[in-house]
Amino acid sequence: MNTMAQRLAGKPPAQAVRERVKRDVALEREKSGRVPGLAVVQVGDDPASSIYVKRKHEAALALGIQSFEHRPSAAISTEALLELVDRLNDDAAVHGILVQMPLPPHLDARSLVERINPAKDVDGLTRVSQGALMRNQPGLRPCTAIGIMDLLSFYEVPISGRRAVVVGRSALVGLPVAVMLMQQNATVTIVHSRTVEPAPIAAQADLLVVAAGQPALVTADWIKKGAVVVDVGINRREGGLAGDVDAAAEARARAFTPVPGGVGPMTIAELMRNTWLAFSHQVHGQYE
């Protein structure tokens, strides 16, 4: 690895986000006695999901946010789960709702996401939230995507006028981060599974964001020397966690996010921020 490359660790910017949320929540509690509430719905007992839900619960409590956990059986029907979402939509103590993915295959994930009141859509995945993103209007943004943008801002990575390539086109990361980069005046290309000869396209990027879900997909020939590389991949391999970027390829970068410890810490921090923003919008009529 190039010892001169800057490691864009996620912990410092994530801590900055958390501290701001903790301060805002404490001030609100002091003024009105009210605090944000986050409801997380985990269907079944998938071990990886259980770990993520526990981390979200602990993060919420640490920041003064109420945490409500719902753990229906994996055998629950889509109709029963929709009824649970409806109850959470109507619960004034709940300001944010998150349905933990993945869901068992018999459940209709799309209809469940769309059933969430957009004002409580802390994952930023409803049509209303994504429409607000596309039109650059205030709203709740997908947590990992906005986390990437906040990480780049924290480390003062230039975006305006730069050429950016995003590898991956998911609604959770690839598409929203591409839109946000364009809104900050980058020239953006999206590379995906049907792209012919992706490496030469990626190698033109000043900023390369990789969210493909394939370990070591991006090799050195994908990276322009001196580029900034954001690796969103979290892949479990025999030797531990690995990103979507081959570790040896990082030598070409000017700066890169490590895996683990790069983008990962930002996601839960941004979920906490989205919960605060959802509360602020519902109680005060504005995202702040």
Side-chain angles (χ1 to χ4, degrees), residues 17 21 24-25 28-29 32-44 49 52-53 55-57 59-61 63-73 76-104 106-147 170-173 175-176 179-180 267-288:
V17 171
V21 171
D24 289 342
V25 170
E28 181 67 34
R29 186 194 301 110
S32 70
R34 300 188 64 175
V35 296
L38 171 65
V40 177
V41 179
Q42 180 189 347
V43 180
S49 291
Y52 293 139
V53 168
R55 288 175 181 167
K56 292 165 184 175
H57 175 71
L61 295 182
L63 302 185
I65 294 171
Q66 280 191 291
S67 176
F68 306 102
E69 293 186 54
H70 297 268
R71 295 175 178 264
S73 160
I76 192 172
S77 66
T78 296
E79 292 71 24
L81 204 51
L82 288 169
E83 290 175 5
L84 172 57
V85 172
D86 287 341
R87 292 197 299 273
L88 296 175
N89 283 337
D90 293 338
D91 189 339
V94 173
H95 303 94
I97 302 170
L98 183 150
V99 178
Q100 182 68 36
M101 300 293 173
L103 291 171
H106 71 279
L107 295 173
D108 185 349
R110 182 173 295 181
S111 67
L112 285 162
V113 168
E114 286 303 326
R115 194 66 156 250
I116 296 171
N117 179 346
K120 299 187 178 188
D121 173 28
V122 288
D123 254 346
L125 290 178
T126 63
R127 284 176 290 181
V128 171
S129 296
Q130 297 203 329
L133 166 63
M134 292 297 295
R135 299 180 69 168
N136 202 15
Q137 295 175 337
L140 300 169
R141 308 298 195 232
C143 299
T144 301
I146 192 65
S170 74
L172 203 61
V173 184
L175 285 178
V179 172
M180 291 183 213
T267 301
I268 291 181
E270 298 293 355
L271 173 63
M272 298 302 114
R273 181 168 177 266
N274 272 358
T275 303
W276 164 255
L277 292 174
F279 170 89
S280 180
H281 180 247
Q282 291 165 58
V283 172
H284 301 298
Q286 57 188 354
Y287 294 104
E288 63 174 10

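For reference, positions follow the sequence shown, starting with 1. Heavy-atom basis, side chains included; hydrogens, waters and symmetry copies ignored.
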**Q.** D91: partners by side chain to side chain donor-acceptor pair (under 3.5 Å), with sequence neighbours left out
**A.** none
Q. What residues, two or more places apart in sequence or in another chain, satisfy side chain to side chain donor-acceptor pair (under 3.5 Å) together with D123?
A. none
For residues 92-100, please give each side-chain donor-acceptor pair under 3.5 Å, one per line with the distance, not counting sequence neighbours.
unit_1: H95; atom_1: ND1; unit_2: G37; atom_2: N; d: 3.0
unit_1: H95; atom_1: NE2; unit_2: A92; atom_2: O; d: 3.4
unit_1: Q100; atom_1: OE1; unit_2: K56; atom_2: NZ; d: 2.6

Q) Do the side chains of I146 and M180 get nearer than 4.5 Å, heavy atoms only? A) yes
Q: Please name the residue in the list V43, V53, V40 that meets the side chain to side chain contact (heavy atoms under 4.5 Å, CB included) test with R71.
A: V53
Q) Tell me, do V21 and I65 make a side-chain contact under 4.5 Å, heavy atoms counted? A) yes
**Q.** Point-to-point distance, once rounded to the nearest 0.5 Å, from OG1 of T275 to CD of Q66
**A.** 12.0 Å
Q) Applying salt bridge (charged side-chain N to carboxylate O under 4.0 Å, His left out), which residue pairs with at least one partner in residues 124-138 are found, sequence neighbours left out? A) E114-R127
Q. Taking the six-membered ring for Trp, are F279 and H284 parallel (under 30°), tilted (30 to 60°) or perpendicular (over 60°)?
A. perpendicular
Q) Partners of S73 by side chain to side chain donor-acceptor pair (under 3.5 Å), sequence neighbours excluded? A) none
All N/O donor-acceptor pairs, side-chain side in residues 137-144, below 3.5 Å, sequence neighbours left out:
unit_1: R141; atom_1: NH1; unit_2: Q137; atom_2: O; d: 3.1
unit_1: R141; atom_1: NH2; unit_2: Q137; atom_2: O; d: 2.6
unit_1: T144; atom_1: OG1; unit_2: T267; atom_2: OG1; d: 3.0

Q) Do D108 and T78 meet the criterion of a side-chain donor-acceptor pair at a distance under 3.5 Å? A) no
